[in-house]
Amino acid sequence: MTGLVEKLYITSDLTDNELRELINTNDIAVSELLRKRADEARQQSYQKKVFLRGLIEVSSYCRNNCLYCGIRRGNPEAERYRLSREDILKCCENGYELGFRTFVMQGGEDAFFTDDFLCPLITEIKEKYPDCAITLSLGERSYESYKRLKEAGTDRYLLRHEAAAQELYSKLHPKDMILENRKKCLFQLKELGYQVGAGFMVGAPFQTVEHIIADLRFLQELKPQMIGIGPFIPHHNTPFSEEKGGTLELTLKLLGILRLMFPKVLLPATTALGTVASNGRELGLQTGCNVVMPNLSPVMVRKKYDLYDNKICTGEEAAECRNCLQKRISAAGYEVVSERGDCI
Ligand code: SAM
Ligand code: FES
């Protein structure tokens, strides 16, 4: 079975049968070799560098009703907020001083964030901080909107595809959310010249190994610059409140597989990974991850961006999060760099 890891390391691909075997095995020697090879692959491309992305959670309003998500519109108890232009600029100022060179504005699909609101804001941020990259993660929008946002200066867009298999996608989302549209958005973003991030949750309800293989194949077709995966974690006020969450072990295994399939991709050690295990992000870094996304949102709103239960880092100031992560990353044997961190 370790031969499959070596094959993946050398060729960056496996057949479906081989992937199935690798994902299904509980052999510790396989996980250990996968971790080692994933770390070698990341060091060949990115040495020990870890890129920081300053995450600004701009809104907890959302018109969508994804069954897994704590801020879905159908959750009447979700506390709603949106940041003002001034709030967002303050987050960037604070982040720049702390050494961040990428700002990620993420939020629910909130109609308040029109192109007319966002474009001048993006242009202003780029003028103030020309050495920084701007990433948006605001869900599905029209081609025209993506085009205007790109022209205003946006560099990157994160839109997890969530599930490439129709069967699973329709169990995780209501009927008005269309998988083909999500995929179309991702290809449009690429066509417009964005650096694109896709991804999925590990251990989502109803997810099988076949679904995961479909996700890996979709990623091979899309060739995104970033791949974000993290464990599914139930939220108490969603239809999936009683479901089991994704495991640390499977998430780490998939991170290792992704690093070997996509040796140069940007791979974040996500907050959800740090939520299922206190050393989850460190283990992620040791299994091929090269990005972390500390929170820059004002502490006042942190708890309201409540995607899943027990989310970490909701009480600390941005500077505390930055320092905490710096220590964790160094202790894990890696080096935080103050760079934009583009995909090579
Ligand atoms: N609205 C934007 C979008 O749809 O891409 C960005 C915000 S959305 C909350 C960001 C990501 O959070 C989703 O892509 C999803 O994978 C993840 N997420 C939502 N609920 C989650 C849960 N219960 N456990 C783990 N991750 C979750
Ligand atoms: Fe819209 Fe989760 S349902 S961000």
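Read the numbers this way: they start at 1 and go in the same order the structure lists the ligands and their atoms. Excluded from the calculations below are hydrogen atoms, water molecules and symmetry mates; all remaining heavy atoms, backbone and side chain alike, are included. Throughout, numbering of the chain's residues begins at 1 and tracks the sequence. Computed from a predicted structure; not experimentally measured.
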Short N or O contacts of ligand 1 with protein, under 3.5 Å, listed by atom name?
{"from": "ligand 1", "atom 1": "1 (N)", "to": "G107", "atom 2": "O", "distance (Å)": "2.9"}
{"from": "ligand 1", "atom 1": "4 (O)", "to": "R182", "atom 2": "NH2", "distance (Å)": "3.2"}
{"from": "ligand 1", "atom 1": "5 (O)", "to": "R182", "atom 2": "NH2", "distance (Å)": "3.3"}
{"from": "ligand 1", "atom 1": "14 (O)", "to": "E162", "atom 2": "OE2", "distance (Å)": "2.5"}
{"from": "ligand 1", "atom 1": "16 (O)", "to": "R160", "atom 2": "NH1", "distance (Å)": "3.0"}
{"from": "ligand 1", "atom 1": "16 (O)", "to": "E162", "atom 2": "OE1", "distance (Å)": "2.9"}
{"from": "ligand 1", "atom 1": "16 (O)", "to": "E162", "atom 2": "OE2", "distance (Å)": "3.4"}
{"from": "ligand 1", "atom 1": "23 (N)", "to": "Y68", "atom 2": "O", "distance (Å)": "3.0"}
{"from": "ligand 1", "atom 1": "23 (N)", "to": "I233", "atom 2": "O", "distance (Å)": "2.7"}
{"from": "ligand 1", "atom 1": "24 (N)", "to": "I233", "atom 2": "N", "distance (Å)": "3.1"}
{"from": "ligand 1", "atom 1": "24 (N)", "to": "I233", "atom 2": "O", "distance (Å)": "3.4"}

Cationic N near anionic O, under 4.0 Å, K253 to E249: no
Is the shortest distance from a Lys or Arg side-chain nitrogen in K147 or E144 to a carboxylate oxygen in the other one below 4.0 Å? no
Listed by chain and number, what are the side chain to side chain contact (heavy atoms under 4.5 Å, CB included) partners of A318, not counting sequence neighbours? N94, L98, L296, R302
4.5 Å side-chain heavy-atom contact, Y305 and Q106: yes
Plane angle bin for H161 and F218 - parallel if under 30°, tilted between 30 and 60°, otherwise perpendicular: tilted
Contact set, ligand 2, heavy-atom distance under 4.0 Å, ordered by chain/number, equals C62, N64, C66, C69, I71, R72, G108
Are D13 and R217 close enough for a salt bridge, meaning some N to O gap below 4.0 Å? yes
When the side chains of residues 254-268 are checked against the rest of the protein, which donor-acceptor pairs come out under 3.5 Å, sequence neighbours left out?
{"from": "R259", "atom 1": "NE", "to": "G288", "atom 2": "O", "distance (Å)": "2.8"}
{"from": "R259", "atom 1": "NH1", "to": "F262", "atom 2": "O", "distance (Å)": "3.4"}
{"from": "R259", "atom 1": "NH1", "to": "P263", "atom 2": "O", "distance (Å)": "2.7"}
{"from": "R259", "atom 1": "NH1", "to": "V265", "atom 2": "O", "distance (Å)": "2.9"}
{"from": "R259", "atom 1": "NH2", "to": "V265", "atom 2": "O", "distance (Å)": "3.0"}
{"from": "R259", "atom 1": "NH2", "to": "G288", "atom 2": "O", "distance (Å)": "2.8"}
{"from": "R259", "atom 1": "NH2", "to": "N290", "atom 2": "OD1", "distance (Å)": "3.3"}

Would you verify whether the NZ or CZ of K150 falls within 45 degrees of the ring axis of Y194 while also being under 6.0 Å from that six-membered ring's centre? yes
Using a 6.0 Å distance limit plus a 45 degree cone around the ring axis, check whether R101 lies over the aromatic ring of Y96. yes
